[in-house]
Amino acid sequence: MLPKLFLLATLTLSAVNAQSITAPPKPIPTAAVSSGVFSFKETYPSAGSKPNPKPEWISLISNATIANAPVLTGNSNVGNSDAFCDWSFTGCTRPTDIVSCPKGQWGITYDDGPTDFSSKLYDFLDTTQQKATLFMIGGQVVRYPNLVKRAYDSGHEIAIHTWSHSYLTTETNEQIIAELKWTELAIEEVTGRKPRFFRPPYGDIDDRVRDIGKALGFTPVIWNHDTDDWMLGESTTFQASWIDNNATQWVGEAATATVGGVSLEHDLYAATVDAAIRILPLLQKAYKVTTIGSCSGQPSYKDGGNTTLTTSTASTLSSATQTASSTVISASIRPAGPAVTLVQKPQNSNSAGNSIFPTAVTVLALTVLTIGSLI
Ligand SMILES: *[C@@H]1O[C@H](CO)[C@@H](O)[C@H](O)[C@H]1NC(C)=O
Ligand SMILES: *[C@@H]1O[C@H](CO)[C@@H](O)[C@H](O)[C@H]1NC(C)=O
Ligand SMILES: *[C@@H]1O[C@H](CO)[C@@H](O)[C@H](O)[C@H]1NC(C)=O
Ligand SMILES: [Zn+2]
């Protein structure tokens, strides 16, 4: 059970939209990646767009029971009932969510790549022989296939961070299918493997999203330690040293903590990569730093494996001229985690925050809340 607290999440969507970044299409930094260019067979949705699913993907969930949670719009949640276990609303989790690693272990994860800054991170990981879990955005996979291939060949665990980096609870079932499956397909084209793990952007997951993910064979991964590193790229007041201080604190907690960590970092900006490089050695001293698959004992890929296949079915890089498909993509990425402001609210208090909810929803929520408190 969660503590008897109701947390009110204010999804400041408009603020995030204002902050959204448009990465200009830049050439792949060829010095840092293996030579040659990858040609995708598939025609992908444009980066950052909310894609539609292939028709055949829709039937993949037709036999599954999908929670009938409402498709949330913008900054709404369903009152304060949290009937559908919305993590970004209350921190609610289900047993199938991976949130932490066992005591003594640390799942190291980097989101939103690949980007122009990823190769610096990958170089560093290689020097310390550290394997990480990389939650990749579909459009970025199509834009930087060489980096995906390189990361995969280094033994990192490649995982899904959706196609458009949207709040999944605001998307229809079909859109959620498309977010996950298009990204899976792009990763599969490059690596020959279908990832099992996905991270919902902003940790925005409820039972509907969970059920769809499960029906498609995916396991969600949240986190229990947030560096807030994305703020380095977007806030002038955020101090890089806070990241180091927090990491030092996490190291200090290693002995007494009952569970291990899963941290949230980004290979999104030069500064976030630099921070990642600074704090990894600290974490390595206190924890067995590893991938999500390794610490959870679950396979990284749908074929049941977790390491790089020696006889990879992956397409090889050709030395052909760069194809249009890998150059036209420009990405609009939002940082993870930023938009969700959790405000603590005592149970049964209805004083704060309800102004953002329509009256009918509030009444419904209060009804559910009342019933809930009787159970
Ligand atoms: C759904 O169930 C039907 C009838 O049992 C079966 O033929 C079909 O293959 C199932 N679909 C999936 C995606 O499991
Ligand atoms: C940890 O990071 C947060 C911001 O994410 C910051 O407010 C806090 O001061 C940091 N802690 C330390 C000890 O620096
Ligand atoms: C693969 O799984 C094995 C056994 O769980 C584990 O020791 C190893 O670290 C894993 N490798 C990766 C890259 O996750
Ligand atoms: Zn993200």
Side-chain angles (χ1 to χ4, degrees), residues 16 19-21 23 47-48 53-66 87-88 109-115 117-118 132-141 159-168 173 177 179-181 183 197-205 211-218 220-253 261-269 271-273 275-276 278-279 282-283 302 331-342:
V16 168
Q19 290 174 343
S20 71
I21 324 130
K54 291 192 180 202
E56 63 265 34
W57 291 342
I58 296 172
S59 60
L60 294 174
I61 70 163
S62 58
N63 292 348
T65 305
I66 308 295
W87 185 85
S88 63
T109 74
Y110 304 104
D111 289 15
D112 294 2
T115 68
F117 312 107
S118 299
T133 303
L134 306 173
F135 289 99
M136 295 184 169
I137 295 175
Q140 297 298 98
V141 171
I160 291 170
H161 196 39
T162 77
W163 188 266
S164 74
H165 207 272
S166 298
Y167 290 88
L168 292 179
N173 293 2
I177 293 169
E179 294 277 0
L180 298 173
K181 291 294 287 182
T183 309
F197 298 120
F198 79 100
R199 172 165 283 158
Y202 318 101
D204 186 39
I205 188 169
D211 288 342
I212 294 167
K214 183 179 173 210
L216 298 174
F218 301 118
V221 180
I222 321 293
W223 59 86
N224 65 357
H225 289 80
D226 192 348
T227 58
D228 282 325
D229 62 344
W230 62 272
M231 292 186 83
L232 284 172
E234 304 187 20
S235 161
T236 50
T237 53
F238 187 88
Q239 292 175 30
S241 62
W242 292 347
I243 296 172
D244 305 66
N245 294 346
N246 274 287
T248 302
Q249 209 168 307
W250 302 339
V251 164
E253 290 160 4
V262 170
S263 54
L264 175 63
E265 298 181 76
H266 297 83
D267 47 329
L268 180 58
Y269 305 115
T272 59
V273 166
R278 288 198 309 276
I279 71 169
L282 303 176
L283 296 170
K302 285 182 172 174
S332 175
I333 318 162
R334 290 187 201 134
V340 182
T341 309
L342 293 175

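Here, residue 1 is the first one in the sequence, and each next residue gets the next number. Atoms within a ligand are numbered from 1 in the order they appear, just like the ligands themselves.
Near N245, meaning under 4.0 Å from any of its heavy atoms, are these atoms of ligand 2: 12 (C), 13 (C), 14 (O). Close contacts between ligand 2 and Q249 involve ligand atoms 13 (C) [criterion: under 4.0 Å to a heavy atom]. Atoms of ligand 2 found under 4.0 Å from any heavy atom of D228 (numbered from 1 in listed order, with element): 4 (C), 5 (O).
Counted within 6.0 Å of NZ on K214, heavy atoms from surrounding residues, nucleotides or ligands total 12 or fewer; the atom is thus considered open.
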For F218 and I212, run side chain to side chain contact (heavy atoms under 4.5 Å, CB included): C-alpha distance rounded to whole Å, both residues' side-chain angles, the deciding distance at 0.1 Å, then the answer. CA-CA 8 Å; F218 301 118; I212 294 167; over 6 Å; no
Is there a side chain to side chain contact (heavy atoms under 4.5 Å, CB included) between W242 and D228? Walk through the geometry before answering. CA-CA 9 Å; W242 292 347; D228 282 325; over 6 Å; no
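Listed by chain and residue number, V99, S100, V259, V262 satisfy the side chain to side chain contact (heavy atoms under 4.5 Å, CB included) test with N224 (two or more places apart in sequence, or in another chain). For W250, the ring-ring contact (aromatic ring centres under 6.0 Å, His included) partners are W106, H225, not counting sequence neighbours. T272 meets the side-chain hydrogen bond (donor to acceptor under 3.5 Å, both in side chains) test with no other residue; sequence neighbours excluded.
Between T109 and F197 the shortest side-chain heavy-atom distance does not fall below 4.5 Å. Between I222 and P200, the closest side-chain pair of non-hydrogen atoms falls below 4.5 Å.
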Check ligand 1 against the protein and report each N/O to N/O distance under 3.5 Å, formatted as atom name, atom name, distance.
residue, atom, partner, partner atom, Å
ligand 1, 2 (O), N63, OD1, 3.2
ligand 1, 2 (O), N63, ND2, 2.3
ligand 1, 11 (N), N63, ND2, 2.9
ligand 1, 14 (O), N63, ND2, 3.3

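Among the backbone and side-chain atoms of D112, an N/O/S atom is found under 2.8 Å from the Zn ion (ligand 4). Note on H165: counted as a metal contact of the Zn ion (ligand 4), an N/O/S atom lying under 2.8 Å.
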